Structure formats: C-alpha cells, structure tokens
> 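Take a look at the following structure, please.
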4 protein chains.
Amino acid sequence: MRNGNDENLVGSFPFVPRQERAVKKKDALLQSGRYLFITKGYENTTAKEIAAHAGVATGTFYRYFSDKRQLFMYLVKDKLANLLPPEPEWEAGDPEQLLFSLLENYQQRLYEVKLDKVVVELLPKDPDLAETLKEAKRNMHNRICNGLKRAQEKGHVWKDLDPSAIAWSVLVLLENAAKDDSGQSIDFRQLARLIGRMVFPPEIIKRLQSEQQAKSE
Amino acid sequence: MRNGNDENLVGSFPFVPRQERAVKKKDALLQSGRYLFITKGYENTTAKEIAAHAGVATGTFYRYFSDKRQLFMYLVKDKLANLLPPEPEWEAGDPEQLLFSLLENYQQRLYEVKLDKVVVELLPKDPDLAETLKEAKRNMHNRICNGLKRAQEKGHVWKDLDPSAIAWSVLVLLENAAKDDSGQSIDFRQLARLIGRMVFPPEIIKRLQSEQQAKSE
Amino acid sequence: MRNGNDENLVGSFPFVPRQERAVKKKDALLQSGRYLFITKGYENTTAKEIAAHAGVATGTFYRYFSDKRQLFMYLVKDKLANLLPPEPEWEAGDPEQLLFSLLENYQQRLYEVKLDKVVVELLPKDPDLAETLKEAKRNMHNRICNGLKRAQEKGHVWKDLDPSAIAWSVLVLLENAAKDDSGQSIDFRQLARLIGRMVFPPEIIKRLQSEQQAKSE
Amino acid sequence: MRNGNDENLVGSFPFVPRQERAVKKKDALLQSGRYLFITKGYENTTAKEIAAHAGVATGTFYRYFSDKRQLFMYLVKDKLANLLPPEPEWEAGDPEQLLFSLLENYQQRLYEVKLDKVVVELLPKDPDLAETLKEAKRNMHNRICNGLKRAQEKGHVWKDLDPSAIAWSVLVLLENAAKDDSGQSIDFRQLARLIGRMVFPPEIIKRLQSEQQAKSE
DNA sequence: TATGAATGAGTCTTCATTCAT
DNA sequence: GATGAATGAAGACTCATTCAT
C-alpha cells in the first residue's frame, strides 16, 4: 500500500518512508538496550544512555517505548523461544547422542540471547515478566511431558517414574547446563548420558543405540 | 555503683550489657531488611524504609550498617548454610528414601530463608556476592563429588558417568526442586527416585533397598 | 528551514544558536552562585539554593556543573586576573602618582569581583585552589621583581634592599589595601607615598617627580 | 578555699575535685579541637571527633560548649594576643635590628598558635569573630599609631606621611610576613630594613643606628 | 555529671519523564 | 516527528544536637 502511493510521487525526496525510519530507530533502540542491559545490568542502564547509544535523543526513546521496562519486555518476548530449552526427541535414535546435540544447540541459542542474567535481575520485581516466563515454561513442560508419556506407554521409559517429574528434571538440567554459571563448565556428553539414565531403563538405551547403529549403516 | 547494687539483687537478670539494646536494634534492622527485601525486592527497598519499619531513625540505620548492601550481606552470610543444598548420604540405606527426606528438609530450610529470590536479584550486579556463592557451591560440589567417587570405587555408581557431572546434576536438581518456582509443585518422592536412577544402576538400588529392609527389621 | 527564513531577514540578529539559552542558564547559575557565595559564604550555600536563585531546577545545576566547587572554580578562574594586583610601572613618572592610580584601579577591580573573602574561606580546604593562586602570585611577584631589578641596576632603587623582598611587600600592601578589611579605610594617596619610600631613595623620588613635571608642561 | 575544705575530709577518695576534673576535660576538648581544626579545617571537623580525640563522650562536648563555634571562640580569644603582631618600639635603638627581632618573635608566636588559617576559614561566615578580630586590630593599630605620632612629633618620622597609614602598613607587613603563605619564605632582615625606610628618613635611621652603636659599646 | 545511642533535618546527587522548540 | 534541556521527586548518607540511662 505504502509503496503503491509512493510510486506516484514524482520528484519526491530520496525515499526513506517515515515508518521505515521509525522502524529503524526502534530497532536501534532495542539493540542498544539489549547491549547495555547485558553489559551493565538493567538497573545500571538509563534511558538516556540507551538513547545516546542508539544515536537518538532522549525524548525519542519515549516516543517508541513507554519506559525502560517496555523496551526490555520487547527484547524478552522476541527472544523467548531462544530462552527456553527445546523439546528433546526421545526415540529418534541414540538418546545420548540426541540430547548431546540438543544441549549444544541450546547453549548456542542462549549464547546468542544473553538476556538470561538480566531476566533474573528483573524477575523478583516484575510479576508480569515472571508470569510470562512461567507460562512459557509450562508450555515447554507440557510438550516434554507428552513426549515422555507416549514413550512410557510403549514401555520405553521407567514405569515407576512420573513423566511430569522427569520432564521437570530434564528442563531444569537443560536450563542450568546452558547457563554454565558455576565456573566449572559442564561436560555436555556426560550430561546427556546422565539424563538418559534418568529417563530410560538401561536395556532401552542399549536397544535405541543399536537401532541407531543399524540405521546409520 | 551499679555493680554494687546489682550484687545485692538475688536472682537478678544476668547483667544486661549496654550492647544488648544495640544488638536488639541491629536485629530489628536485619529482620526489617529481610522482610522488606523479600516483600518488595532489594532495589525497591530503601534504607529509610528499613529504618522506619524497624522503628528507628534513618541515621540509626547507618550506625549499624554502612549501607543497604552490607545489611543484605549479613543476612546472606548468616543464612548461607541454609541456602545451599546439603550433601546426600548415598549408601546409608535406601537412596530414594534418603534423598526424599533430604529434599524435604532442604525445602524447609529454604522456606525459612526466603532470600533466594533476592540473592538472584543481586547476583548479576554484585560480583562479591557472586563469588561468595560460587565458592560455597564449589565446596558443596566437591563434597558431593567425593562421596560419589567413594561409592563409584565400590562399584555402586554408574561406571561410565563422571562423578563431577553427577554431583553437578544432583546439586542443580536439589536447588531447583526446593525453589519450586514453576508453580506446579514438584513431587519430592518422584524426584528422589529419579536422582537415584541417575546415580545408581538398578541392581544397586535394589540391593541398597533390601539391605535397608533387613536393617530395619 | 530556519536558515531559509533567516536569510530573508535583513539585519537579523546573528544566528542564535541552541546553545545560547544554555549559556544564559550557565551564566545565571554563575551569577547566582557568585551572589550567594559572597552573601552567605561558600559552605552556607547549597547547590539547590543556587539553582533556585537562578530560577532553575536542582537537576539543571548538575547539567552545567559537576558540583558547587566546579562552579566556584569557574568564578575564580574567570576573575583571577582581577584578583591579583597589577604590576606597577616604576619609572614612567611620579611614582607616588602612578601607585595611587594603580591602587584605585585595583580596588575597583577587586570591588567588582568580591570573591576574595570566599576564596579565603576555601583556601585552607582546597589545595588545588591554593596551588592555582600561589602560582598566580608567583608570576605576579616575578614580574614586579624584574621591574625592580631593572630600576635597581640604574641605581634608582635602594641598593641595599633585595628586589624580591620589596616586590613581596608591595604585593602584600596592594592586596590588603584593596581588601580594606580593617574598617578604617586606607588613604591610597598616603599608601602610594609610603610605598615610594620603600622603593626609592628620597633623591630619586624627587628627580622622578620633577621629570614628570617637566613632561607634563 | 576549695583546698581548705578538702583537707578536712578524712579518707576521701584519691583527690581529684570535681571542678578540677571538669577543667581538665574542658582543656582536653580545647586541645583536641585546636589540633583537629588545624589539621583538618574547621568544617571538616565534627563535634564527635573532637570529643573522641579528647577521650570523652559526644554528649560531654555539649556540657562544656554550646557548640563547635563556641569552642573555637575560646581558642581564638585565648590566643588573640598571640595572633596579633606586637607593637614595635621605634626608638629604643637600631630600628632595623628591633624590627627584625620583633618579626622573628612574632613568627614564633604565630607558629605556636597556628589558628590563623582556621580563623580565615571562619571569618566570612562569622560576623562575631570578624568583629572581635577587627576590634583587636583597631587596638593594635592605635597603639602603633600613637607610638609613631610621638616619634613624628620629635621629627623622627617622615613628616609628610600619615601615622595611621604607616601603622596600617606595618601591621599588614608584619602579619603577612609571619604567615609566610607564599612559599618563598621572606627574609626578615630585609623586611625589617624595608619597614625602616617606610617609617624613617634615611638620616634618622643612621642616627638611631649610631646611637645604638654608642650604647652597646 | 558522663555517656553514646538515637534522632531527623538537611545535603548531594541521580534519573525517569516531560515539554517547549 | 525529533530534540535535548529542564524538571523535581526520591534516594543515599551526614552530623549537630538531644536525651534516656
């Protein structure tokens, strides 16, 4: 639509449509906010700084965002998928192998987001953010849980363990593994194996591994 | 003079040192700080508020603490032992039973502390606190790790799992279980069983359980 | 746009830059600071007061000055030349006449500055300011000293007096004369004569005076 | 009196009479105040510090002095005589010699007092102190002035100089010489000679000097 | 008298937000 | 829409002075 109208203008200014510039500014602000939040923490970053870093005036910040918090929410919601651990596919092959690549993959995604620490800074103060995240985690949990239930029905998962409890544990381990906050970095290969023991009885693991072997040959 | 009088008093209270009132005030401030930090978050609580809540003047706050952070550090260091998950005893009986009571116990302790959220709020901004906690976690990790190594040498723990990785996982699960931030509360009995699978091969669990049975008969 | 309009205006004011208002505000703050420092003393004047007196908000003060001290330094450095006594020209005519007009002139300058008392209040606490002033006085002393040396070489100044000591005395007298802190105002004409005796032997004074007389006829 | 009574007391406590202890405390406070004012400046010294340095409680400070200012006033009034330059005796011998020893003597006294800088810090803020000092200086000025008048009547002082102006100059030079704030220390011998030229015609100086010579032989 | 803990008014400073241009 | 100067509420912290013991 916009384009349609614009094309009719002869001799119009070198064209950068208004909205487009606006989008660019908003983006610049988001990027700057993200960078500064990650670098200096949420509270230590002022709206003025974000504006300056984005190359716009302080007042412009408030044209695009009602306040600092809103900008941050944009960031979080944008990256929410990346902040959450993905759902493992349990029976598509060697579970240890699958979990390992999933862990690596997730760490990479978290590395790209880097907002997790900032999120944690805000969580206790921002019930809204807390709710958003809780909701997302609930979804994630349900998906993992359902996958586990299906596997359990086929007798592939420990019979006496509650899929919900397993799902919770898997989520927690994935999250924390990727955050790597302890200093001593976690061996993902080991962790994958460990999660395997938690989910599958030994004989199932062996079977899935040999099936995988067969497939790949 | 005072001593002279006091000596005449039979059954008088143990001499109330001048400091006692001071200690009470310091305690009141700590309690108020704790309450407000938990209720409103760290940043949202001012020194003035803490003082008011403790029923003293602003200046009094600064007689006892150099600033808000110091008060908080007092709280944390005081409760540090309670903030950290305890070391499980792996082979003193049925591991599922042991882990279960450990989890319950730990949750109780965390419940009494309640500072975990506030700690998390400060962690990204306070390298000092971060270091203190990291240190404490390292200790905890080592202790668990050593226990696991001993058990592994006796062939009681999965041979192909790294004790360090197991210890890390156990710590993470304990921590998160007690925090119960997901909304859907975790079934500790299930979690205990789950950790058991992570640590011991099935036959060991059975053996430990039957030994326990024998003992208790 | 603005430029376009402005170009059409004949005899319009030189372009009023955005900064101009800012400069005015800074000036207003400086003036208010000056007034309040002089009136109430440095320590008794708060940044808030200065801002209020200048008709701006407290925060505005801190936009222009990092703190009270910086504002004061601006004032001092601005007026430093006026705070210091000028160099007398010894032999351009009747020395008593020359010194007299120099004294009057200097008093006028000090009267315009009025910061001397405030400077004195800060001197013991501000090594920086002390150094700045000492430096300036050293320069002044050297200049007077050199003038005296030249005159001494021509035999116009007491042979047995050290030019440095004379210069120091002259400086001290000039400074204090202008400050007029004693209540009983100093007769500049007398003081000029007095300094003359300090510098020149009687016969030189007479000679310079008669030369001056000759010139002016 | 006090002693008389006390001697009658048999078995009295090792005697330190109340008032005497009080006097000691007051003295200790004065000494500490003096030390701290000189060391750290007036504003930078708190009542609490003075009390602590004197080894008494904060409250005790306020028993003896209504506030910091009063303590300072005690100090100043106590040392006022030392703070002011003494009156020169003009005709008791070689004036240059007399002035020289007077200068040395005065510097020694100022050195013992050391309060001059602190006085200056307070002067602009304390009209009372300012008045006290002005008064003292007026007295001093008058005494010097009278001495000069007598000498002038005998024809020993420049006829065309106002004794008041001379007295003022002498005072100023004496004061500033002793303060020695310039860094380059003043040669007192030179200064004495210089003041001599200011007061006496050359032939009088010669005469006074030769009389002195005669006397001392 | 002596104590020193307690007070709270007052200062400095920051920063989210508004608004005239 | 864009600017960035201006605002002023609010927080951290100090210290002269009081007062219960």
Side-chain angles (χ1 to χ4, degrees), chain A residues 18-19 21-22 25 43-52 55-71, chain B residues 1-2 16 18-26 43-52 54-69, chain C residues 1-2 16 18-26 29 43-52 54-69, chain D residues 18-19 21-22 25 43-52 55-70:
Chain A
R18 300 200 164 215
Q19 289 189 16
R21 265 187 307 162
K25 279 195 180 159
E43 289 289 351
N44 288 331
T45 302
T46 71
K48 199 176 178 179
E49 280 174 320
I50 298 174
V56 301
T58 320
T60 308
F61 180 99
Y62 287 90
R63 172 161 302 281
Y64 292 105
F65 303 97
S66 65
D67 53 20
K68 204 168 61 160
R69 196 181 155 281
Q70 203 198 36
L71 186 152
Chain B
M1 272 215 290
R2 254 165 74 340
V16 178
R18 172 136 326 155
Q19 291 184 326
E20 181 137 325
R21 265 182 313 154
V23 167
K24 271 190 187 159
K25 250 163 212 179
K26 190 165 185 173
E43 289 289 351
N44 288 331
T45 303
T46 71
K48 203 175 179 176
E49 277 175 321
I50 297 174
V56 301
T58 321
T60 306
F61 179 97
Y62 289 94
R63 165 170 293 281
Y64 293 104
F65 304 97
S66 64
D67 54 18
K68 207 169 56 161
R69 196 181 158 281
Chain C
M1 273 214 291
R2 256 165 73 336
V16 177
R18 171 138 327 155
Q19 291 182 327
E20 180 137 327
R21 263 183 313 154
V23 168
K24 270 191 187 159
K25 252 165 210 178
K26 191 166 184 172
L29 282 166
E43 290 289 350
N44 288 329
T45 303
T46 71
K48 203 176 180 177
E49 278 174 321
I50 298 174
V56 301
T58 320
T60 307
F61 180 97
Y62 288 94
R63 165 170 295 281
Y64 294 104
F65 304 97
S66 64
D67 53 19
K68 208 168 56 160
R69 195 179 161 282
Chain D
R18 301 202 163 212
Q19 289 188 18
R21 264 187 308 163
K25 276 191 183 161
E43 289 290 350
N44 288 332
T45 302
T46 71
K48 200 176 178 178
E49 280 174 320
I50 298 174
V56 301
T58 320
T60 307
F61 180 98
Y62 286 90
R63 172 161 301 282
Y64 292 104
F65 303 96
S66 64
D67 54 19
K68 207 168 55 160
R69 197 182 155 281
Q70 204 198 37

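No experiment lies behind these values; they were computed from the predicted model shown. Each chain gets a letter, A, B and so on, in the order its sequence line appears, and its residues count up from 1.
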> Expressed in angstrom and rounded to an integer, what is the separation of C:Phe61 atom CZ from F:dG8 atom P?
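To the nearest whole Å, that distance equals 17 Å.
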
> At 4.0 Å (heavy atoms only), tell me whether A:Phe65 reaches a base, stays on the sugar-phosphate, or touches nothing.
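Touches nothing.
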
> Can you give me the closest heavy-atom contact between C:Ala51 and C:Ala57, atom names plus distance?
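What the structure gives for the nearest pair is CB-O, 3.6 Å.
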
> Tell me, please, which residues at least two apart from A:Arg63 pass side-chain hydrogen bond (donor to acceptor under 3.5 Å, both in side chains).
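Applying side-chain hydrogen bond (donor to acceptor under 3.5 Å, both in side chains) to A:Arg63 gives none.
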
> Could you tell me the separation between the CD1 atom of C:Ile50 and the OG1 atom of C:Thr58, rounded to the nearest 0.5 Å?
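Result: 11.0 Å between the selected atoms.
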
> In this structure, which stretches of DNA chain E are paired as stems of three or more consecutive Watson-Crick or G-U pairs, both distances less than 3.5 Å?
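E:2-21 with F:2-21 - these are the stems of 3 or more pairs that involve DNA chain E.
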
> When the nearest nucleotide of DNA chain F is assigned to C:Gly55 and to B:Tyr62 on a heavy-atom basis, which residue is associated with the more 5' position?
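On the 5' side of the pair lies C:Gly55.
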
> For C:Glu49 and for A:Ser66, find the nucleotide of DNA chain E with the closest heavy atom, then tell me which residue's nucleotide is more 5'.
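So the residue in question is C:Glu49.
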
> What's the shortest heavy-atom distance between D:Lys25 and D:Thr60, and which atoms?
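Heavy atoms of D:Lys25 and D:Thr60 come nearest at CD-CG2, 4.4 Å.
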
> Without decimals, in angstroms, what is the distance between B:Ile50 CD1 and F:dG11 P?
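In whole Å, F:dG11 P lies 12 Å from B:Ile50 CD1.
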
> Would you indicate, yes or no, if F:dG1 has its OP1 or OP2 atom less than 4.0 angstrom from a side-chain nitrogen or oxygen of A:Arg63?
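Looking at the OP1 and OP2 atoms of F:dG1, neither is under 4.0 Å from any side-chain N or O of A:Arg63.
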
> Of D:Tyr64, D:Tyr62, D:Phe65, which meets side chain to side chain contact (heavy atoms under 4.5 Å, CB included) against D:Gln70?
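Exactly one pass, corresponding to D:Phe65.
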
> Can you check the C:Lys24 NZ to F:dA6 P distance for me, whole Å?
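The answer, rounded to whole Å, is 12 Å.
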
> Looking only at side-chain atoms of C:Lys25, point me to the closest of F:dA6, E:dA6, E:dA2.
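The answer is F:dA6.
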
> Tell me, with the steps shown, if C:Phe61 and C:Val56 meet side-chain contact (heavy atoms from CB on, under 4.5 Å).
CA-CA 8 Å; C:Phe61 180 97; C:Val56 301; 5.6 Å; no

> Starting at atom CG of A:Leu71, determine the distance to atom P of E:dT17, rounded to an integer number of angstrom.
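Value for this atom pair: 12 Å.
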
> Rounded to the nearest 0.5 Å, what separation is found between the NZ atom of D:Lys68 and the CD atom of D:Glu43?
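D:Lys68 atom NZ to D:Glu43 atom CD measures 5.0 Å (nearest 0.5 Å).
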
> Among F:dA16, F:dA5, E:dT14, find the nucleotide with the atom closest to the side chain of D:Lys68.
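When the side chain of D:Lys68 is considered, F:dA16 is the closest of F:dA16, F:dA5, E:dT14.
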
> Once you round it to whole Å, what is the distance between C1' of E:dA16 and CD of B:Glu43?
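So the two atoms are 15 Å apart, to the nearest Å.
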
> Give every pair of a protein N or O atom and an N or O atom of nucleotides 8-10 of chain E that lie under 3.5 Å apart, one pair per line with the distance.
unit_1, atom_1, unit_2, atom_2, d
E:dG8, N7, B:Gly59, N, 3.4

> Between E:dA5 atom P and B:Lys26 atom NZ, what is the distance in whole Å?
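Distance check: B:Lys26 NZ to E:dA5 P gives 12 Å.
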
> Select one nucleotide: of F:dA2, E:dA2, F:dA6, the one nearest the side-chain heavy atoms of D:Tyr64.
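Of the candidates, E:dA2 comes closest.
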
> Closest heavy-atom contact between D:Glu49 and D:Asn44?
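Shortest heavy-atom contact: OE1-O, 3.5 Å.
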
